[in-house]
Amino acid sequence: MTSNPTRRAVAVSVLLLAAVISFGGANPTATAASTPPLRDLAASRGLRVGAAINDAATLGIPAYADTLAREYSMGVSENAMKWGLIHPAPNTYDFADADAEVAFAEAHGMTMRGHNLAWWNQNPAWLTGGTFTHDQLVQILDDHINTVVGHYKGRIAEWDVVNEAVALDGSAQPNPWSNGIGNPAYIDQAFRTARAADPAAKLFYNDYAIEQPSQRFDAVYALVTGLVQRGVPIDGVGFQAHLGANTCDSSCVNGMLTNMLALHRLGLQVSITELDVSVVLPPTPASLTEQASMYAGVLKACLLAPNCHSFVTWGFTDAYSWIPSTLPGRGAALPFDESYQTKPAYDALAATLAKPPMAPTCGQFSTPAAAQAALSGNTVDGAPLLDANGDGVACNESAVTTTSTSSSPSTTPPAIATVAVPRFTG
Ligand code: G3I
């Protein structure tokens, strides 16, 4: 195990500082789960709502299993498919826990995300401590992806093929593959091999701290632009969204939407892949209200983006979350409390999903600059992009157009000049 909790804690701490976003009010009292459950509400909006499965053993806890199956239509193994657990020795694969999690999902009509196939962290000692030639590493990566993706062929809807290839400062994140195979050669290889191993799976690049326009998002945008330009088979980008409850206005929804739409214009999907919103412990009614607003805001951005179809939280109950052990003093980051009671965050998600989409009425950006100003200023040619509740408008698939005059994608997101379509009532 090569977990680096110090680096992880520093990275997440900075991320939390960078992600001080909140989107408006919610009821801070716990309530009963909604009828219909989140998964049904989400289905009516064309969205899969998912949660990370802590480990196979937690599926034996009735309240855990019941809540997961009732509320969620997608699962992802929080750890069981990572190299360190699924490939513990050079010629040994251990599918037991991951198989149990996939079987649970299938038994309850849930699809699965696969996480992940190449990462700097949670790699086995035989890999990180070994000495391998370039050709040996190419073979090891190919064999792993062929074996793991092949094992689950036809059963995983989305794979996080490469995870966190960009460091917090936007530079390349060293990992066994970048060091030994070369960057971006290892990324290209991982995607090409995964595509061949399961042509039906959607292939994602997954990363943290890319939820708002930033140099870091630009670095990831440049990375995936390169993949697209080289014809590497990438389908989407995962926004991890490990956030901290704090205060900010609805422009944060627009910021996330801006990034999602930039990727849409590249032809890529986006998924919210690891959302959690930590608060300072112990939680207070005020901090849970802020947290609920954050959850609603991220969901709104996903619903507004035409290319966002999966919305996944990193766990669902505060009984099982990576936050308290990694960020001491913070926690209570999920929509259910430790006793599987709903929190205001749950209510906010249900209420947001339950809002009927508005009939399309389009507004037109006159120029890219006007469009960009509109996104940051919350207006579209004078009309609000997001209303006072943070609900609002975005672009539908058919209406999205780019004004780029270049025939090849640039490495910075182009300005937005397109049509806006309301999908929320206020
Ligand atoms: O499996 C061992 C077990 O044998 C041992 O007894 C136990 C003792 O601590 O440790 C177990 O391993 C732990 C593993 O989770 C499984 O529970 C590791 O110590 C622990 O570091 C590891 O933490 C995981 C972390 O990734 C590693 O960086 C968290 O559960 C997991 O939530 C977290 O998930 C990551 C995503 O994969 C990528 N994005 C960020 C996200 C949060 O850090």
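The analysis underlying the following values was restricted to heavy atoms, covering all of them including side chains, and did not include hydrogens, waters or symmetry mates. Every number for a ligand or one of its atoms is a count from 1 in the order of the listing. In this text, all values refer to a predicted model and were calculated from it rather than measured experimentally.
- R113 forms a cation-pi arrangement with F204, by the criterion of a distance under 6.0 Å to the ring centre and an angle within 45° of the ring axis.
- Listed by number with element, the atoms of ligand 1 under 4.0 Å from a non-hydrogen atom of N79 are 15 (O), 16 (C), 17 (O), 24 (C), 29 (C), 30 (O), 31 (C).
- With a 4.0 Å cut-off on non-hydrogen atoms, Y208 does not touch ligand 1 at all.
- Ring geometry for Y64 against F316 counts as tilted: the plane angle lies between 30° and 60°, on a 0 to 90° scale.
- Contact annotation for N163 and ligand 1: only side-chain heavy atoms (C-beta onward) come within less than 4.0 Å of the ligand.
- Of all the atoms in ligand 1, the ones that sit under 4.0 Å from a non-hydrogen atom of E164 are 38 (C), 39 (N), 40 (C).
- The E78 neighbourhood of ligand 1 comprises atoms 29 (C), 30 (O), 31 (C), 32 (O), with distances under 4.0 Å to a heavy atom of that residue.
- Here is the list of ligand 1 atoms found below 4.0 Å of a heavy atom in N121: 27 (C), 28 (O).
- The aromatic rings of W83 and H87 sit parallel, their planes meeting at an angle under 30°, below the 60° perpendicular limit.
- Checking H242 against W314 by side-chain atom types alone, no donor-acceptor pair falls below 3.5 Å.
- Using a 4.0 Å cut-off between charged side-chain N and carboxylate O, R216 and D169 make no salt bridge.
- Of the listed residues (Q240, K82, M81), the one carrying the non-hydrogen atom nearest atom 33 (C) of ligand 1 is K82.
- No N or O atom of W322 sits closer than 3.5 Å to an N or O atom of ligand 1.
- No salt bridge links R155 with D99; every basic N to acidic carboxylate O contact stays at or beyond 4.0 Å.
- Close approach of ligand 1 to H115 is summarised as follows: ligand atoms under 4.0 Å from at least one heavy atom of the residue are 36 (C), 37 (O), 38 (C).
- Using a 30° and 60° split on the angle between ring planes, Y221 and F217 fall in the tilted class, from 30° to 60°.
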